[in-house]
Structure formats: structure tokens, C-alpha cells
Participant: 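Pasting in a structure now, in C-alpha cells, and then I'll have a few things to ask.
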There are 2 protein chains.
Amino acid sequence: MAATRPKTPATPEPAAPDRLSEAQERFVQAWGQMAGAWGVTRTMAEAHALLYITGEPHNSDDLMHRLRISRGNASMTLRALLDWGLVTKVHKRGDRKEYFRAEQDVWTVLRTILRERAKRELAPMLASLHEIRDLTSDDADTPTTDHNARLDAMLEFATIADELIQRCVEADAPTMLGDALVGAGAPREGPA
Amino acid sequence: MAATRPKTPATPEPAAPDRLSEAQERFVQAWGQMAGAWGVTRTMAEAHALLYITGEPHNSDDLMHRLRISRGNASMTLRALLDWGLVTKVHKRGDRKEYFRAEQDVWTVLRTILRERAKRELAPMLASLHEIRDLTSDDADTPTTDHNARLDAMLEFATIADELIQRCVEADAPTMLGDALVGAGAPREGPA
DNA sequence: AGATCATTTCAGAATATTTTGAAACGAACC
DNA sequence: GGTTCGTTTCAAAATATTCTGAAATGATCT
């Protein structure tokens, strides 16, 4: 029965390279589904996933073919990833093309994403909250005191979140979870 | 000069209710911009913001008018918020309409969002990663060892994130930042 | 300079997401 | 039973987002 080329129609045991490719492909897909969670487009996430899981630098053409996207899209996607700081340029001797490599440490990737999202989303939010708070700050009317309390709660929340992220961003990989998150300004009650 | 009704054409000092309305409106807008960060639609975020900042229960009609959305949209949005657990139903005596109130504690809101997103996004991701890992688990080929290492790093990362979120979700508000985040399984190197 | 190859740009096309509005449904009253 | 008022549903419309592809730009070589 068992032969070097079995006639079994349904793939019985794919060769190692095939399994690797399939694993890579599925990883790219899975990571692409998380795109929303990271606040990037699906293609950005897929491109990043490909660069991460292969570990190798790739150029625009590689992306075009493996992700089946247009040249323009590949260019824009890589530029956006560069802008986020999720990939870096790599030059290859004797090759005119530009290559891109993804950061290989997952904790650094997380810190990069936290930093960018805090900058792009949290900071403007904090600014808005402060402005809004000023609208009713000098008002002693009863109807606004409740409103102000709610606004202040949100403001404190956003501020703590900002500080927490700041700590994570500044920490180095191994201490991130340990040191960075401790004593981040939790709203503790008693003093002693 | 100063009179009970000054003639100045450009609004010099809006009455307190006006400033309150404006503050509410701007808060709703600001919160709506964070919609992407929470993984909900802009309208869901705006509706939640309105219910939060006013502190009062509102019905479908209130939402329609204050948010200028259709009846159908208001219904779907409220149902989605209920589904997320971000609002609760409130019944008013002698009123057929259903009212909805937003959770007032911001840390509880955060925990709710973390719980839902972990369930909807992280859990499927973890499942996928395990499946993918199995594709090349029994493979001793050199090309797959690097791949497996990267996949394992990602798997460990996602697992820790899941545990961390779990702790936050289970913690009660005041201890969330303090106790929940400490000792969450950080990848420490040396033992001593 | 001119030739060649890589990259960027961006208006229009393709997709995906969100919203509408009217009809169907349901629940509370008479 | 029927009527009224409120809610839900969902196909079609409106919007928003992402992608394409070809032309423009830039970069490197002879």
C-alpha cells in the first residue's frame, strides 16, 4: 500500500514545505482578522504578519504576489507600516529594491502599537475632555455638578490610562508586565 | 451697562443650560471618535456617551432626536449596547416605552469592553494560533524550527494577554489596577 | 544626458459598513 | 375581538473605507 507516490486522491501527508506555507498563510489570515483590534487596515495587518512569521525581509513585489494586492496598495501599506514603526527598511547589496523587516519581539510590537494609538487616539481625546470640562468649570448650578462629576471621572480614567500606556511604552520588554504596570496611579482609597 | 438682558449680539455668556447642552454634545462627539478604539460603531459609542453623560435613562425616541438617527438605527444600536452589556433596561411606571441607562462607573465600563473584546476577538485568535501551531508541531525540519519559535512567541504573548484581561475582568473596580495586573505571568528571565 | 527600474500618487472603482424607512410583529389596553 | 403604541426586522440606499492601475516621480546606472 504505502509507496513513494501513493495514489490516494485526498492529500495524505503534505511535504514539510507545504505545511510551512499553509501555516504561514493561516497565520497571515488570523492576524489579518485582528486588524480592527490594532486599529490598522486588514492589509496592513496581513503584511505585518507575513513579515513577522517569515522572519525574512521582503520587498514590494513579494507582498504584491503573496498577498495578491496591487503595486500601489503594497507601496501604501508598507509606508503606513513604516510610519507606525512596525517595520524597518533593509538594504540588500546589489539590489535596487527596498526590503522591509518586521520587528521580531512581540512585546516591542505591542509597545509600538500602544504608543501610536495613544498618540493618535487617546491624546486628542484627553484634549477634548479638558476643553469640555472648561465649559462648565465655573458653574455652581446644581444641574452641572453631576455632569461635572461624571466628566471628572472620565477625565481621571483617561489620564490614568495615558500614564499606564506611557509606562508600558517606556519599559523594556522583559520588565513591561512586571514593573511598568505596578503603581500606575490606581485610585486607591486609604493612605497607609 | 450690565443689565438683565444685554444687547450684545455675539453670545457673551450663554446661560447655564446652554453650556450644559453644549458640553454634552461635545462629549458625545468626542466619545464617538473613540468608537474604533472600543470596537463598536460610531453611533453605538455616541449613544453610550449620551446615556453616560446625562446619567438619565433614555428611550428610543430620545436617542432618535438627540442623535438624529432613524428609528431602526436607534433600536439596533440600543440592542447592540444591551448585548455588549454596556446599558441596562429600565422600566418606568405608567410608561410603555423602554428606557436604557448606561453603567456609571468607568472602570466597570472598561471591564465590560475588555470582556467582550476578549471573547469576540482574542479567543478566536488563540484558537487559530493553536491550530496553526499543530500544523508544524511534529516537524523536525530545520526550516520550521524558526517558524515554530515565532509562532510560540506569539502564542505565549496572546495567552498572557488573555490571562491579564481575565484578571481585570474579574477584579472589582478599586483593585483593578493594583492587584489584577500584578503577577500576571510576565516572561521573567532569571529565577532569583 | 538618457535609459532603466523602483516607488509613489491619487482619481476612480470596488468593497465593506452603516443607516434608513416602511412593513411586520408584539404587547398592552379597551 | 380590535385598536393603539412601541419595537424589531431587513432589503435597499447612503456612506465610508480600501484598493487598483496607470501615470508621474525618483533613483541608479552607463
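Chain letters run A, B, ... following the sequence lines, proteins first, then strands; residues in each count from 1. Since the model is a prediction, treat every value here as computed from it, not as a measurement.
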Participant: Could you list the protein-to-nucleotides 26-30 of chain D atom pairs, N/O on both sides, closer than 3.5 Å?
Facilitator:
| residue | atom | partner | partner atom | Å |
| --- | --- | --- | --- | --- |
| dT28(D) | O2 | R96(A) | NH2 | 3.3 |

Participant: If you compare all heavy atoms of Y52(B) against all heavy atoms of M154(A), which two are closest, and at what distance to 0.1 Å?
Facilitator: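 Closest approach of Y52(B) to M154(A): CE2-CE, 3.7 Å.
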Participant: Shorter than 3.5 Å, N or O on both sides, protein versus nucleotides 10-16 of chain C: list them out with atom names.
Facilitator:
none

Participant: Of the non-hydrogen atoms in L135(A) and A23(B), which two are nearest, and what is the gap between them?
Facilitator: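 Looking at all heavy atoms of both residues, the shortest contact is CD1-CA, 3.9 Å.
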Participant: Applying side chain to side chain contact (heavy atoms under 4.5 Å, CB included) to Y99(B) and H91(B), what does each step give before you reach the verdict?
Facilitator: CA-CA 6 Å; Y99(B) 286 75; H91(B) 284 291; over 6 Å; no
Participant: What is the minimum heavy-atom distance between A30(B) and I132(A), and which atoms define it?
Facilitator: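 Taking A30(B) first and I132(A) second, the nearest heavy atoms are CB-CD1, 4.4 Å.
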Participant: Between atom CG in D95(A) and atom P in dC5(C), what is the gap in whole Å?
Facilitator: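 Spelled out: CG on D95(A) to P on dC5(C) is 13 Å.
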Participant: Between K119(B) and E116(B), is there a side-chain N and carboxylate O pair less than 4.0 Å apart?
Facilitator: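 Looking at K119(B) and E116(B), the cut-off is met.
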Participant: Whole angstrom is fine here: how far is it from CG in L63(A) over to P in dT20(D)?
Facilitator: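 Whole-Å distance recorded here is 12 Å.
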Participant: Taking the side chain of S75(A) as its heavy atoms from C-beta onward, which of dA6(C), dT19(C), dT7(C) lies nearest to it?
Facilitator: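 Shortest atom-to-atom distance from the side chain points to dT7(C).
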Participant: Starting at CG of L67(B) and ending at C1' of dT20(C), how long is that distance when rounded to a whole Å?
Facilitator: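 After rounding, the reported distance stands at 15 Å.
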Participant: Would you please confirm or rule out a distance under 4.0 Å between OP1 or OP2 of dT18(C) and any side-chain N or O of T43(B)?
Facilitator: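 Checking dT18(C) against T43(B), no side-chain N or O comes under 4.0 Å of OP1 or OP2.
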Participant: Send over the distance from L81(A) CG to dT8(C) C1', rounded to a whole Å.
Facilitator: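 The distance from CG of L81(A) to C1' of dT8(C) comes to 16 Å, rounded to the nearest Å.
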Participant: How close or far is atom P of dT7(D) from atom CG of L82(B), stated in whole angstroms?
Facilitator: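 Atom-to-atom, L82(B) to dT7(D), this comes out as 12 Å.
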Participant: Walk me through it: do D62(A) and E56(A) pass the test side chain to side chain contact (heavy atoms under 4.5 Å, CB included)?
Facilitator: CA-CA 11 Å; D62(A) 295 338; E56(A) 291 289 316; over 6 Å; no
Participant: Return the value, rounded to whole Å, for the distance between atom CG of N59(A) and atom C1' of dC5(C).
Facilitator: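 In whole Å, dC5(C) C1' and N59(A) CG are 13 Å from each other.
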Participant: Rounded off to whole Å, could you give me the CG-to-P distance for the D62(A) and dA6(C) pair?
Facilitator: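 After rounding, the reported distance stands at 12 Å.
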Participant: Indicate the ring-plane relationship of W107(B) and F157(A), choosing parallel, tilted or perpendicular according to the 30° and 60° boundaries.
Facilitator: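 Perpendicular: the ring planes of W107(B) and F157(A) meet at over 60°.
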Participant: Between dT19(C), dT20(D), dT8(D), which one does the side chain of S70(A) approach most closely?
Facilitator: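 Within the option list, the nearest is dT20(D).
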Participant: Is Q33(A) atom CD crowded by more than 12 heavy atoms from other residues, nucleotides or ligands, each under 6.0 Å away?
Facilitator: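 No - once you tally the heavy atoms of other residues, nucleotides and ligands closer than 6.0 Å, there are 12 at most.
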Participant: Please report the closest heavy-atom contact between T54(A) and L51(A), naming both atoms and the distance.
Facilitator: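 What the structure gives for the nearest pair is OG1-O, 3.5 Å.
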Participant: Using a heavy-atom cut-off of 4.0 Å across all strands, would you classify R71(B) as base, sugar-phosphate, or nothing?
Facilitator: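 Counting heavy atoms under 4.0 Å across all strands, the contact made by R71(B) includes a base.
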Participant: Nearest to the T41(B) side chain among dT18(D), dT18(C), dT8(D), which nucleotide is it?
Facilitator: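 Of dT18(D), dT18(C), dT8(D), dT18(C) is nearest to the side chain of T41(B).
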Participant: What is the distance, to the nearest angstrom, from the CE atom on M44(A) to the P atom on dT18(D)?
Facilitator: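 Nearest whole value for this atom pair: 10 Å.
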